[in-house]
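Order of appearance sets the numbers: ligands from 1, and atoms from 1 within every ligand.
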Amino acid sequence: MMEYLVILLDDTAPSYCAYTVPPRERRLISTEDLKAGITFALKENLRVQFVCPEYALPPEYRALMETVEHSRIQTADCAERGTEVAVFNRWDSLEGYPYAPETAYILRTGKEEFFRQYPQIAGILERVARLNVIITDIETFGEEDFSRYAAALRILSGSVLTLFLQGKRPQLNLLTDRLMLEEMNNCNAGWKSITLAPDGRFYICPAFYYENEPKCVGSLKTGLHIGDACLYRPDYAPICRRCDAYHCRRCIWQNKKTTLEVNIPSREQCVTAHIEREAARCLLDELHKHGLFANREEIKELSYLDPLDTMD
Ligand code: SF4
């Protein structure tokens, strides 16, 4: 069942996930479409997330946005007080940033930058309620990168453990989400969320809007029409439905890009998620030794990193 409507207010609104926003001119959604999008959300009982451009929105847009309960996604550079989600695209912006306690932060990074800069993350975790790290080029991971990733997560896990032992509650998607989850909690694009773009059409997620040949799934005029809608659900994903990497992004767009199927993940997506799962498993073991997370069952050790290896 749909729960969220993401409204891209402008073609230049920032990416908050793995996709890249191509260079484009400003194109603000029309006030008519914004109004119709909000009405659609209210009728369908969807929670609204506005993805805001970097420039100041005209007063009539701000007034319309206030007619519905919503959350805002903005770049960290121009995040206003009360912004729910702020996005960093550069590591050098992290230091000295005036973090707000009510905001969750997203850091988008390529893998090479991640491997160079990840020790910075420990210092940031002390200052934010939550940090989501999105590695934007997961599909380029090779065997050596998997080893580097596992080593990086082991080091970060030590920092996260130290924070827990100091009585803090750090949240880093790569390590702590799996500690808390008992079922899949993925991006759920096309199943629990849908995107309204500035052209007045619906897309599975913003990434599909920014494709060279964008394929919409309906419009404000014609309604939402997702062909094969069940394919976006985890229980119709033959590999994912048997998996317990509950925190995995399970990025539908990356699936489509790498395997041409929305419900079949790439090996890179699965292996990185299982490296995170294994790091979370070891972290939970350590937390248990210190009497923390006692109500959480231990995470089972697995003999594989790619669930596809277990399929007949
Ligand atoms: S690790 Fe692979 S199989 Fe498991 S949820 Fe993620 S994409 Fe699906």
Taking 4.0 angstrom as the limit and counting only heavy atoms of [X], give me the atoms of ligand 1 inside it, by number and element.
X: Ala273; answer: 1 (S)
X: Met184; answer: 5 (S)
X: Pro307; answer: 3 (S)
X: Cys243; answer: 1 (S), 3 (S), 4 (Fe), 5 (S)
X: Pro265; answer: 2 (Fe), 7 (S)

Practice task
Could you establish whether Arg242 and ligand 1 come within less than 4.0 Å of each other, counting only heavy atoms on the residue side?
Solution key: no
Problem - Side-chain donor-acceptor pair present, Ser266, Glu139, cut-off under 3.5 Å - result: no
Problem - Identified ring-ring contact (aromatic ring centres under 6.0 Å, His included) partner of Tyr203 from the options Trp253, Tyr210, Tyr209 - result: Tyr209
Exercise for the section: Under 4.0 Å, heavy atoms only, figure out whether ligand 1 is touched by the backbone of His274, its side chain, both or neither. Expected result: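 For His274, the contact with ligand 1 is made by the side chain alone.
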Practice task
Heavy-atom distances under 4.0 Å are what count here, so tell me which part of Cys240 touches ligand 1: side chain, backbone, both or neither.
Solution key: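 The answer is both, backbone and side chain.
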Problem - Validation row: Tyr55, Asp10 side chains within 4.5 angstrom (heavy atoms) - result: yes
Exercise for the section: Taking the side chain as every heavy atom from C-beta outward, state whether Cys187 and Arg250 have any pair of such atoms under 4.5 Å apart. Expected result: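 A side-chain contact is absent here, since even the closest heavy-atom pair is not under 4.5 Å.
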Handout entry: Evaluation steps, side chain to side chain contact (heavy atoms under 4.5 Å, CB included), between Ile194 and Val217
Key = CA-CA 9 Å; Ile194 202 74; Val217 287; 3.9 Å; yes
Handout entry: Aromatic ring proximity, centroids under 6.0 angstrom, Phe40 and Phe202
Key =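 Between Phe40 and Phe202, which both carry aromatic rings, the centre distance is below 6.0 Å.
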Practice task
Kindly state whether the ring of Tyr19 and the ring of Phe208 have centres lying under 6.0 angstrom apart.
Solution key: no
Exercise for the section: Would you check if atom 2 (Fe) of ligand 1 lies under 2.8 Å from any N, O or S atom of Cys248? Expected result: no
Practice task
Measure the distance from atom 2 (Fe) of ligand 1 to every protein heavy atom, then report the residue, atom name and distance (to 0.1 Å) of the closest one.
Solution key: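 Checked against all protein heavy atoms, atom 2 (Fe) of ligand 1 sits closest to Cys270 SG, 2.3 Å.
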